[in-house]
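Just so it is clear: chains get the letters A, B, ... in the order the sequence lines come, proteins before strands, and each one is counted from 1.
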Protein chains: 2
Amino acid sequence: MPFDGKAFIIGGMALHHHHERGGEDLLKAAKATLQKAGEQWTDMRAVIFDVLAEHSKPASAYDIADLVSRRRGKRVAPNSVYRILDLFVTTNLARRVESANAYVANSHPGCLHDCIFLICDECGIATHLDNDDLSASVREAAQVAGFVNLRPMIEVRGKCSNCD
Amino acid sequence: MPFDGKAFIIGGMALHHHHERGGEDLLKAAKATLQKAGEQWTDMRAVIFDVLAEHSKPASAYDIADLVSRRRGKRVAPNSVYRILDLFVTTNLARRVESANAYVANSHPGCLHDCIFLICDECGIATHLDNDDLSASVREAAQVAGFVNLRPMIEVRGKCSNCD
DNA sequence: CGAATAATGATATATTGTAACCTTCGCCGA
DNA sequence: TCGGCGAAGGTTACAATATATCATTATTCG
Ligand SMILES: [Zn+2]
Ligand SMILES: [Zn+2]
Ligand SMILES: [Zn+2]
Ligand SMILES: [Zn+2]
């Protein structure tokens, strides 16, 4: 098996390799990941994932509800969107950006690690970083403090180079 | 001048020393810091800071509005609380915990650095960590990516040792 | 097929966050 | 002293985000 990306070790988990995906490729990967988790890849879920993946910046559940409603020609209530977004987050198909109350599609579903997001105050775009040393240090600090079931969130608000 | 704490250098800023404060001491430090920033230490602000500092876990603006209303025997609108919390955050008297939509008093006002919060999903208590190496690395990663005016947020959700 | 389970729809409500405009009060110069 | 000015807070209205509950439809599986 060819090694086509960076390597990750998280909290004693197995080794992963990393493959950033997009477009049709990403859709397929998301579907496979969700199904491997024993969940159904329904029309609604496919549309929501697609809308999220196409969106250039973190999207709120309400943004997504609007976009999906338009695409389906029929109103989809935010609570349905929330349900599916929650599922996506727990199955690693999407991430919640806490400082923006919004969600982004995970460009590497199936690859479990802590992501770092840089969010521009100006244009709202979120840049996705991966830095295993960094996230491992954060996890370790929390573990030393006696925490378990860790879910680190590392986000940096600021102004991106385009908007500067 | 005695050196009574850890040392910090952040983003080329001057050296600080660190002194965790509480009770009357913390109140005084907050007042001094706010006034040094050219802002008034009013009754309302004093009460809100006190309520926040006494609160054992991150408090929402609405929590604070209730507590302050009770203490003053007169309704204080969340609106007013938000205004003052925003001021506190910009002047470093308080921090916003993004993953909890809530605020904590800064135990070291006047001492500028990035804090790490560990928030327990169970009891809601936020443990405050400082780790300069870690936060410096986060800042550097964002800077390398071309971001400026950085405001890192490092939070870890999980379960604390008490609740485990 | 038919029961059990999963997914979504519909509606209501809770929680969090802003905007706009008004009143009060302290401060300062005419 | 008077009147203007600006900061702080009050009041009201509303927007944005999130959850709860129950009904309905779709899937799974024996
Ligand atoms: Zn990542
Ligand atoms: Zn930007
Ligand atoms: Zn700190
Ligand atoms: Zn706990």
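Looking at which nucleotide of DNA chain D each of B:Arg45 and A:Pro78 is closest to, the 5′-most match is held by B:Arg45.
Residues from residues 58-69 of chain A with heavy atoms under 4.0 angstrom of DNA chain D, sorted by number: A:Ser60, A:Tyr62. A heavy atom closer than 4.0 Å to some atom of DNA chain D occurs in B:Ser80, B:Arg83, B:Ile84, these being the qualifying members of residues 80-88 of chain B.
Residue B:Asn101 places at least one side-chain N or O under 4.0 Å from the OP1 or OP2 atom of C:dG17. When the side-chain nitrogen and oxygen atoms of B:Arg75 are compared with OP1 and OP2 of D:dG10, none of them lie within a distance under 4.0 Å.
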Report each atom pair, protein N/O against N/O of nucleotides 25-27 of chain D, whose distance is under 3.5 angstrom.
none

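One cannot find a donor-acceptor pair under 3.5 Å joining the base of C:dT8 and the side-chain atoms of A:Asn79.
A:Asn149 meets the side chain to side chain donor-acceptor pair (under 3.5 Å) test with no other residue; sequence neighbours excluded. With sequence neighbours excluded, no residue forms a ring pair (Phe, Tyr, Trp, His ring centres under 6.0 Å) with B:Tyr82. Scanning for side chain to side chain donor-acceptor pair (under 3.5 Å) contacts around B:Arg75 gives an empty result, with sequence neighbours left out. With sequence neighbours excluded, the residues forming a ring pair (Phe, Tyr, Trp, His ring centres under 6.0 Å) with A:Phe49 are A:Phe88, listed by chain and number. With sequence neighbours left out, A:Ser80 forms a side-chain contact (heavy atoms from CB on, under 4.5 Å) with A:Val76, A:Arg83.
Distance OH (B:Tyr103) to P (C:dT15): 17 Å, rounded to an integer number of Å. In this structure, A:Glu98 atom CD and D:dT17 atom P are separated by 13 Å, rounded to whole Å. The separation between A:Asp43 atom CG and C:dG9 atom P is 11 Å, rounded to whole Å. Going from atom NZ of A:Lys74 over to atom C1' of D:dT24 covers 11 Å, rounded to whole Å. For the pair A:Ile48 CD1 and C:dA7 P, the interatomic distance rounds to 13 Å; values are reported in whole Å. What separates CE of A:Met44 from C1' of C:dA10 is a distance of 14 Å, to the nearest Å.
A:Ile119 forms part of a hydrophobic cluster together with A:Val97, A:Val104, A:Phe117, judged by ILVMFWY side-chain heavy-atom separations under 4.5 Å. Other members of the hydrophobic cluster containing B:Val138, listed by chain and number, are A:Ile116, A:Leu118, A:Leu129, A:Leu134, A:Val138, A:Phe147, A:Leu150, A:Ile154, A:Val156, B:Ile116, B:Leu118, B:Leu129, B:Leu134, B:Phe147, B:Leu150, B:Ile154, B:Val156; membership follows side-chain contacts under 4.5 Å among ILVMFWY residues, whether direct or relayed. Connectivity analysis of hydrophobic side chains (ILVMFWY, heavy atoms under 4.5 Å, direct or indirect) links B:Ile125 to nothing; its cluster partners are none.
When the nucleotides D:dA8, D:dG10, C:dT11 are ranked by their closest atom to the side chain of B:Glu39, D:dA8 comes out on top.
Within the structure, salt bridge (charged side-chain N to carboxylate O under 4.0 Å, His left out) contacts touching residues 152-164 of chain A (residues at least two apart or in different chains) are A:Asp121-A:Arg157.
Using a 4.5 Å cut-off on side-chain heavy atoms (C-beta onward), B:Val47 and B:Val51 make contact.
With salt bridges taken as basic N to acidic carboxylate O contacts below 4.0 Å, one links A:Asp50 and A:Arg71.
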